[in-house]
Amino acid sequence: MFKKLSIKTPQDLMQYFKDNLNYGFVYRNKIFTDMEPDFQKNMDKLYKIRLGEDFIKHKYGVCWDFCELERLFFSQNNIEHECYFIESYINSAESGPTHTFALYHRNDKWYWFEYSWFYHRGIWEYNSKEDALKDILMKFENFFDRKLINIRVYKTDKVTKRLDTFEFVDHCLKGQKVEIDNKENIL
């Protein structure tokens, strides 16, 4: 699939995303974007992750779709990588924002490949995976205008079928929890 699209490097993949894909999701040929006030309610009710060529065909995805396509690219190109899921809560009864992202390793450096989070779009270089995770988590915490509690990070496994919002979150929460000690040390 990637060869057919002339995508050979992470930079090519980023450019392909910029030129061809959008943030949102498609349900029964209707496009839902995060600019709509009921986006999250519609996502909870209607969304199912799109994988690989299905995502490329529909041209709309959220960070979850983008991350799985990134995982596929890195796997098919034998690039060491890991994918992560951030969950958060606004209070003890109300869940907060989530995010998925990919890190890849090349030439003794780790890179955060970020497309769907517009404010941090790009390929970010770090000296270690721990530095990358600390920086991403700090950016996540600082981005929201309200205090988030119980922020957790999980290393995730590949998604193999179309999951709805709640199934996807359950899938991610079965991943390996990344322990954070005072947000200074990520083990």
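Residues: numbered from 1 along the sequence shown. What you see below is based on every heavy atom in this structure, not just the backbone, and it leaves out hydrogens, waters and symmetry mates.
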Open item on the list: Does either side chain, that of His58 or that of Glu53, offer a donor lying less than 3.5 Å from an acceptor on the other one?
Closed with: no
TODO: Determine, stepwise, if the pair Arg152 / Ser88 fulfils side-chain hydrogen bond (donor to acceptor under 3.5 Å, both in side chains).
DONE: CA-CA 6 Å; Arg152 297 180 187 124; Ser88 67; over 6 Å; no
TODO: Measure the spacing between CD1 of Ile79 and CZ of Arg71 and express it to the nearest 0.5 Å.
DONE: 14.5 Å
Open item on the list: If you take the centroid of each ring, where Trp contributes its six-membered ring, are Phe2 and Phe73 closer together than 6.0 Å?
Closed with: yes
Task: side-chain hydrogen bond (donor to acceptor under 3.5 Å, both in side chains) evaluation trace for Asn77 with Tyr104 - done: CA-CA 11 Å; Asn77 287 281; Tyr104 70 94; over 6 Å; no
Open item on the list: Do Leu5 and Ile56 have side chains that approach each other closer than 4.5 Å (heavy atoms only, starting at C-beta)?
Closed with: yes
Open item on the list: Can a donor-acceptor pair be found, under 3.5 Å and without considering hydrogens, that links the side chain of Asp44 to the backbone of Lys41?
Closed with: no
Open item on the list: Between Asp65 and Tyr47, is there a side-chain donor-acceptor contact under 3.5 Å, judged purely by atom types and distance?
Closed with: yes
Task: Cation-aromatic face contact Lys129/Trp112, 6.0 Å, 45 degrees - done: no
Task: Salt bridge flag under 4.0 Å for residues Arg50 and Asp54 - done: yes
Open item on the list: Please verify the inter-ring angle class for Phe101 with Tyr84; under 30° counts as parallel, over 60° as perpendicular, anything in between as tilted.
Closed with: parallel
Open item on the list: Aromatic contact between His81 and Phe74, with the criterion being ring centroids under 6.0 Å apart: yes or no?
Closed with: yes
Open item on the list: Taking the ring of Phe143 and the ring of Tyr119, is the distance between their centroids below 6.0 Å?
Closed with: yes
Task: Stepwise side-chain contact (heavy atoms from CB on, under 4.5 Å) test for Ile151 and Tyr89 - done: CA-CA 7 Å; Ile151 298 172; Tyr89 292 86; over 6 Å; no
Open item on the list: Working note: Val159 + Ile49, criterion side-chain contact (heavy atoms from CB on, under 4.5 Å); need CA distance, chi angles, decisive distance, verdict.
Closed with: CA-CA 9 Å; Val159 175; Ile49 194 166; 4.2 Å; yes
TODO: Determine whether Met43 and Phe25 make a side-chain contact, defined as any pair of heavy atoms from C-beta on separated by less than 4.5 Å.
DONE: yes
Task: Lys30 NZ/CZ over Phe32 ring centroid, <6.0 Å and within 45° of normal - done: yes
Open item on the list: Between Lys109 and Asn127, is there a side-chain donor-acceptor contact under 3.5 Å, judged purely by atom types and distance?
Closed with: yes
- [ ] Measure the CD1-OG1 distance between Ile31 and Thr33 for me, rounded to the nearest 0.5 Å.
- [x] 8.5 Å
- [ ] Indicate yes or no: does Lys158 engage Glu68 in a salt bridge with an N to O separation below 4.0 Å.
- [x] no
- [ ] May I ask you to decide if Glu167's main-chain N or O and Asp170's side chain share a donor-acceptor pair within less than 3.5 Å?
- [x] no
Open item on the list: Quick check on the 6.0 Å ring-centre criterion: do Phe168 and Trp64 meet it?
Closed with: yes
Open item on the list: Quick check: Phe55 with Phe66 (ring centres under 6.0 Å apart)?
Closed with: yes
TODO: Before accepting this row, confirm whether a basic side-chain N of the pair Arg121/Glu114 lies closer than 4.0 Å to the acidic partner's carboxylate O.
DONE: no
TODO: Return yes if some donor-acceptor pair links the side-chain N/O of His171 with the main-chain N/O of Asp157 below 3.5 Å, else return no.
DONE: yes
